[in-house]
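Heads up: the structure comes next, in structure tokens.
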Amino acid sequence: QVQLVESGGGSVQSGGSLRLSCAASGSTASRYFMGWFRQAPGKEREGVAAIDSDGSTRYADSVKGRFTISQDNAKNTLYLQMNSLKPEDTAMYYCAKSLGYTWLGPPLSHAEYTYWGQGTQVTVSS
């Protein structure tokens with residue numbers, strides 16, 4: 001059973017930075033894709049960034065140029081570096097993972113993901 005544990009959330013002022021981490025355990029599959037999602041109160045969960053086992057990445061338009069997704073395979077950890085944060089980035093951020101491979105690259109649709117972490121809160125004040 002895959003387990004995901006997020007950390008690194010917090011409160012920052014607009015323009016600040018945070019780095020989220022997601023420690024993964026329970027799987028040695030060589031093919032997978034992982035993603036970061038966020039959900040603000042009253043809004044649907046949206047994909048922020050995704051990466052697959054080949055290192056291909058995908059970003060939501062709203063975070064391109066500001067957020068960077070990366071992974072450390074030796075540590076089984078996924079990261080999301082968030083720079084130039086805006087108040088609209090305020091949300092609960094979730095890490096997700098699915099095993100396998102997709103020819104279309106890592107998806108940003110939450111429906112494509114099987115395993116989820118418990119989330120970490122990010123609050124950006126103006």
Side-chain angles (χ1 to χ4, degrees):
Q1 181 75 4
V2 173
Q3 292 186 324
L4 305 170
V5 179
E6 302 98 332
S7 61
S11 297
V12 295
Q13 291 191 330
S14 182
S17 298
L18 282 174
R19 188 177 81 156
L20 305 183
S21 299
C22 172
S25 62
S27 172
T28 57
S30 60
R31 293 292 209 179
Y32 61 86
F33 47 91
M34 298 186 71
W36 287 100
F37 294 78
R38 65 187 181 187
Q39 188 166 19
K43 294 189 177 181
E44 293 187 357
R45 188 169 298 191
E46 64 169 337
V48 173
I51 189 168
D52 65 19
S53 48
D54 290 338
S56 296
T57 59
R58 190 187 301 270
Y59 294 92
D61 289 343
S62 58
V63 306
K64 280 181 182 176
R66 300 189 299 124
F67 290 11
T68 302
I69 189 171
S70 63
Q71 58 189 346
D72 185 331
N73 292 329
K75 295 182 179 180
N76 291 323
T77 301
L78 180 73
Y79 301 101
L80 184 68
Q81 178 66 45
M82 306 186 294
N83 298 328
S84 303
L85 282 162
K86 305 175 181 179
E88 51 264 44
D89 294 318
T90 295
M92 185 72 79
Y93 282 71
Y94 299 90
C95 169
K97 182 174 183 175
S98 275
L99 306 181
Y101 181 77
T102 172
W103 294 101
L104 299 176
L108 289 178
S109 169
H110 63 84
E112 301 288 339
Y113 288 81
T114 304
Y115 305 102
W116 292 84
Q118 81 290 349
T120 186
Q121 177 68 37
V122 172
T123 303
V124 184
S125 58
S126 57

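Since we're looking at a predicted model, the values are computed, not measured.
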Closer than 3.5 angstrom, by distance alone: can the side chain of T120 be matched with the main-chain N or O of G9 as a donor-acceptor pair? yes

Using the rule given for salt bridge (charged side-chain N to carboxylate O under 4.0 Å, His left out), can you reason through R66 versus D89, listing the C-alpha separation, both sets of side-chain angles and the distance that settles it, and then say yes or no? CA-CA 11 Å; R66 300 189 299 124; D89 294 318; 2.8 Å; yes

Test of understanding: clusters of I, L, V, M, F, W, Y form through side-chain heavy atoms closer than 4.5 Å, transitively. Do V122 and V12 belong to the same one? yes

Is a donor on one side and an acceptor on the other found under 3.5 Å between the side chain of T77 and the backbone of K75? yes

Heavy atoms only: give me the nearest S126-S14 pair and the separation to one decimal. CA-CB, 4.2 Å

L78 and C95 have their tightest heavy-atom pair at CD2-SG, 3.9 Å

Just verifying a value: how many Å separate L80 CG and I51 CD1, rounded to the nearest 0.5 Å? 10.5 Å

Do you know the tightest heavy-atom contact between A24 and M34? CB-CE, 4.4 Å

How close do S84 and S17 get, heavy atom to heavy atom, and via which atoms? N-OG, 4.3 Å

Under the salt bridge (charged side-chain N to carboxylate O under 4.0 Å, His left out) test, residues paired with R19 that sit two or more places apart: none

Separation between CE of M92 and CD of E6, rounded to the nearest 0.5 Å: 9.0 Å

Do R31 and D52 have side chains that get closer than 4.5 Å, going by heavy atoms? no

Do any side-chain atoms of residues 55-65 form donor-acceptor pairs under 3.5 angstrom with protein atoms, and if so which ones, sequence neighbours left out?
from, atom 1, to, atom 2, distance (Å)
R58, NE, P106, O, 2.6
R58, NH2, L104, O, 2.4
Y59, OH, I69, N, 2.9
D61, OD1, K64, NZ, 3.2

Find the distance between CD (Q13) and OG (S125) and round it off to the nearest 0.5 Å. 5.0 Å

Using the rule that Ile, Leu, Val, Met, Phe, Trp and Tyr join whenever any side-chain heavy atoms are under 4.5 Å apart, tell me whether M82 and V124 fall into a single cluster. yes

Looking just at side-chain N and O atoms, do T114 and S98 make a donor-acceptor pair shorter than 3.5 Å? yes

Atom CZ in R38, atom CD in Q121: separation rounded to 0.5 Å? 12.0 Å

Would you verify whether the NZ or CZ of K97 falls within 45 degrees of the ring axis of Y32 while also being under 6.0 Å from that six-membered ring's centre? yes

Using the side-chain contact (heavy atoms from CB on, under 4.5 Å) rule, take L20 and W36 through it: C-alpha gap first, then chi angles, then the decisive distance, then the call. CA-CA 9 Å; L20 305 183; W36 287 100; 3.6 Å; yes

Within the structure provided, determine whether T102 and F33 are in side-chain contact (heavy-atom separation under 4.5 Å). yes

From N76 CG over to S27 OG, what is the distance, rounded to the nearest 0.5 angstrom? 9.0 Å

How long is the gap from OG on S21 to CG on D72, to the nearest 0.5 Å? 10.0 Å

Under 6.0 Å between ring centres, would you say that holds for F37 and W116? yes

Taking only residues at least two apart or on different chains, which pairs with a member in residues 69-106 satisfy ring pair (Phe, Tyr, Trp, His ring centres under 6.0 Å)? Y101-W103

